[in-house]
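Remarks on the structure that follows.
Below, chain A is the first sequence line, B the second, and so on; all start at residue 1.
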2 protein chains.
Amino acid sequence: MKQKRKRGTNRVTLNDVAHKAGVSPITVSRALNRPEKVTDGLREAILETVRELGYVPDYAARALASRTSNIVGVLSSALGSSLFSPVMKGIEDRMRNSGMRIQYVNASVDPEEEIQQLKQFLAQKPAGLMIGGLQIASRVTEILHEAPCPVVQFIDVSYPAIDMAIGIDNQAACLTAINHLLEKGYRRIGFCSGRLEIPVAKRLEAYKHRMTEEGLYNSDLVLSVTAANPISLGGDILDRLFAVAPDLDAILCCHDDLALGVLFECQRRGISVPQDLGVCGFTDIDCAAYINPSLTTVRLPLYQLGYRSADMILRVQEGRKHIEPVNLGFQLIERDSTRRV
Amino acid sequence: MKQKRKRGTNRVTLNDVAHKAGVSPITVSRALNRPEKVTDGLREAILETVRELGYVPDYAARALASRTSNIVGVLSSALGSSLFSPVMKGIEDRMRNSGMRIQYVNASVDPEEEIQQLKQFLAQKPAGLMIGGLQIASRVTEILHEAPCPVVQFIDVSYPAIDMAIGIDNQAACLTAINHLLEKGYRRIGFCSGRLEIPVAKRLEAYKHRMTEEGLYNSDLVLSVTAANPISLGGDILDRLFAVAPDLDAILCCHDDLALGVLFECQRRGISVPQDLGVCGFTDIDCAAYINPSLTTVRLPLYQLGYRSADMILRVQEGRKHIEPVNLGFQLIERDSTRRV
DNA sequence: TTGTACGCGTTATCAA
DNA sequence: TTGATAACGCGTACAA
């Protein structure tokens, strides 16, 4: 008689629980995954055994058998950014006790690598995917269209969603900021951003449009700068803008980090903010309210972004069919950096 | 004859590749995982077929069969912190092309939940685990001791490692900072921190020790403060320290965020830094060099922390047995906030 | 409501 | 060096 080969680890399995509880493995499985399908008493006995034995399900086996995992992925090239922290918090607050596991993947800025990451991630048969800050190259779009799971994109509301989308109206947000600067009497307004990603492009559109309306548009006042540390660019930004427009009187920065750099550099150069130069940012990062002068900025609801996108994924899993794109809105926070008399 | 049930997804499997290449599945598996075990020509033919068919391995199946996954976990309660961004970058730079997948888990600050997260994570049979900022309650230690994978702790070098450890000597770092302040002639030096985690506790020890040596120690000058936004605490810190010591002349902050808040508040109150008050931080965050006055701080090699801890995991996988704890060192960056004459 | 049989896609084991 | 077979632990399909 052939000897039965044993390869198992020593972990407690569904079978062990089943044996001890005197039921079949599948009943234990049901007691855990579809409690309503098992008689109350039996279920409790089984769960008690589960606790006793310290049984923890094997996700790999579960994924293999069910062809879906409980992993929800968050893919973004901004994971490391300070901006992402509240998003994370929102996601986790909503996902807690949902049985889902969240896997953050720091997307590469290299398109090829990004596609590879995406493919690899999808090979896990995830339960859901949240994706932000990607290049949205055609290849990526294609892949996402065929993704076997709900997909939430963090993106401008005007952008066509592949599946679900959540974000803000960047044009409206930027328009609000520009109008604020105009109301304050600023006229020569520079526009400064990092990489020209979709949200930034939308803001730039609004800037162009509104400034042109006022007969104030000058393409030399549009700056796109990048550096590992955006705060370090304050001097650069001032140099370059003042070089083309010595009468510059305000700067709209697409991220508070840039604005911060500008404010610091103004302090150093003795440029008086908001009198000589108005500065407005985007995001409302932690120190925006505390810097001197405090920074006027467009507050982005980042916590909500995380919370509600997680919510969208969970709702789809509960069977909801179509989920409308979500416009989170924004809020202009007027502070001292534009508060001139 | 019984009809064979077909449940499969439409994905390309190892079997498909094997068929097309005219070999057995196990040979394909070997060609991918242990290339040296397959004849050169055959291997190339197989890899070509893999590309042609766009085969992507099923990690769940792989994990189930091999009882180990290619997931390396990063558990920390500081994931969302700006401090973590360089760590991430370091980890990813080292792990790229290693075949490992990195899974970040934002550890809960609730000990019970933390233990649960840890257990769940270990149920995935991870290839490695990096862990930082945890409570290191006895339960956690116990679980980590039995972890079936290499474990790297981010922790003070003086702390006993469960498996491997990497970090800095917080006592030495703090001593350096204190000595710097003393050299600059500061005497009434406050100590301000967030939660009293292990690294902070070590720094506090050094502070106590050194200040006592100088006959300057006063427990009222030790402050532990917490808030969602540490920068907001600047006013609090100044109020509380000046209340007990009107002649306070320096503050050592355990994180630059706290120092930032203090600097902003000093600007607002017209307290002259570094003349009336010296301020020193820890970390060297992005804006430390740009704020006015620029912030003297102890630079922590966070990128290296990530890079080298990833390296440790990979080395163990290559068969290395014992890996010594790593002391990363630190560097005092003297800037204007303590540069008084 | 519970159980039986089998398949998910891969790798370990052993034989050729 | 390559292949046949079984096993990994769980869930699906279907029967009782």
Are OP1 or OP2 of [N] and a side-chain N or O of [X] less than 4.0 angstrom apart?
X      : N       : value
R67(A) : dC8(C)  : no
S66(A) : dG11(D) : no
S24(A) : dG3(C)  : yes
S29(B) : dT10(C) : no

If the threshold is 4.0 Å, N to carboxylate O, is there a salt bridge linking [X] and [Y]?
X       : Y       : value
D16(A)  : R11(A)  : no
E318(B) : R320(B) : no
D93(A)  : K89(A)  : yes

Parallel, tilted or perpendicular: which fits the ring planes of Y104(B) and F84(B), with parallel below 30° and perpendicular above 60°? perpendicular

In whole angstrom, what separates [X]'s [atom1] from [N]'s [atom2]?
X       : N       : atom1 : atom2 : result
Q124(B) : dG9(D)  : CD    : C1'   : 15 Å
L14(B)  : dT5(D)  : CG    : P     : 17 Å
R62(A)  : dG9(C)  : CZ    : P     : 19 Å
L32(B)  : dT10(C) : CG    : C1'   : 11 Å
K125(B) : dC8(D)  : NZ    : P     : 11 Å

Between R62(B) and N70(B), is any side-chain donor less than 3.5 angstrom from a side-chain acceptor?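 Looking only at side-chain atoms, N70(B) and R62(B) do not form any donor-acceptor pair under 3.5 Å.
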
Would you please say whether a donor-acceptor pair under 3.5 Å links the side chains of R101(B) and Q103(A)?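 There is no such pair between these side chains.
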
Got a second to check how far L14(B)'s CG is from L32(B)'s CG, nearest 0.5 Å?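 The distance works out to 7.0 Å.
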
Partner set under salt bridge (Lys or Arg N to Asp or Glu O under 4.0 Å) for D311(B), not counting sequence neighbours: R94(B), R315(B)

Kindly calculate the angle separating the two end axes of the helix from dT1(C)-dA16(D) to dA16(C)-dT1(D), each obtained from five base pairs, and round it to 10 degrees. 30°

For A31(B) against V38(B), the heavy-atom pair lying closest together: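 So the two residues come closest at N-CG2, 3.8 Å.
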
Can a donor-acceptor pair under 3.5 Å be found between the side-chain atoms of R30(B) and the base atoms of dG3(D)?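 Per atom types, the contact qualifies.
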
Of the options dT11(C), dC8(C), dG11(D), whose atoms approach the side-chain atoms of L64(A) most closely?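 Nucleotide nearest to L64(A)'s side chain: dC8(C).
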
What residues 33-60 of chain B contributes to the DNA chain C interface at heavy-atom separation below 4.0 Å is N33(B), Y55(B), P57(B), D58(B)

Between A61(B) and I26(B), just flag the one whose closest nucleotide in DNA chain D comes earlier from the 5' side. I26(B)

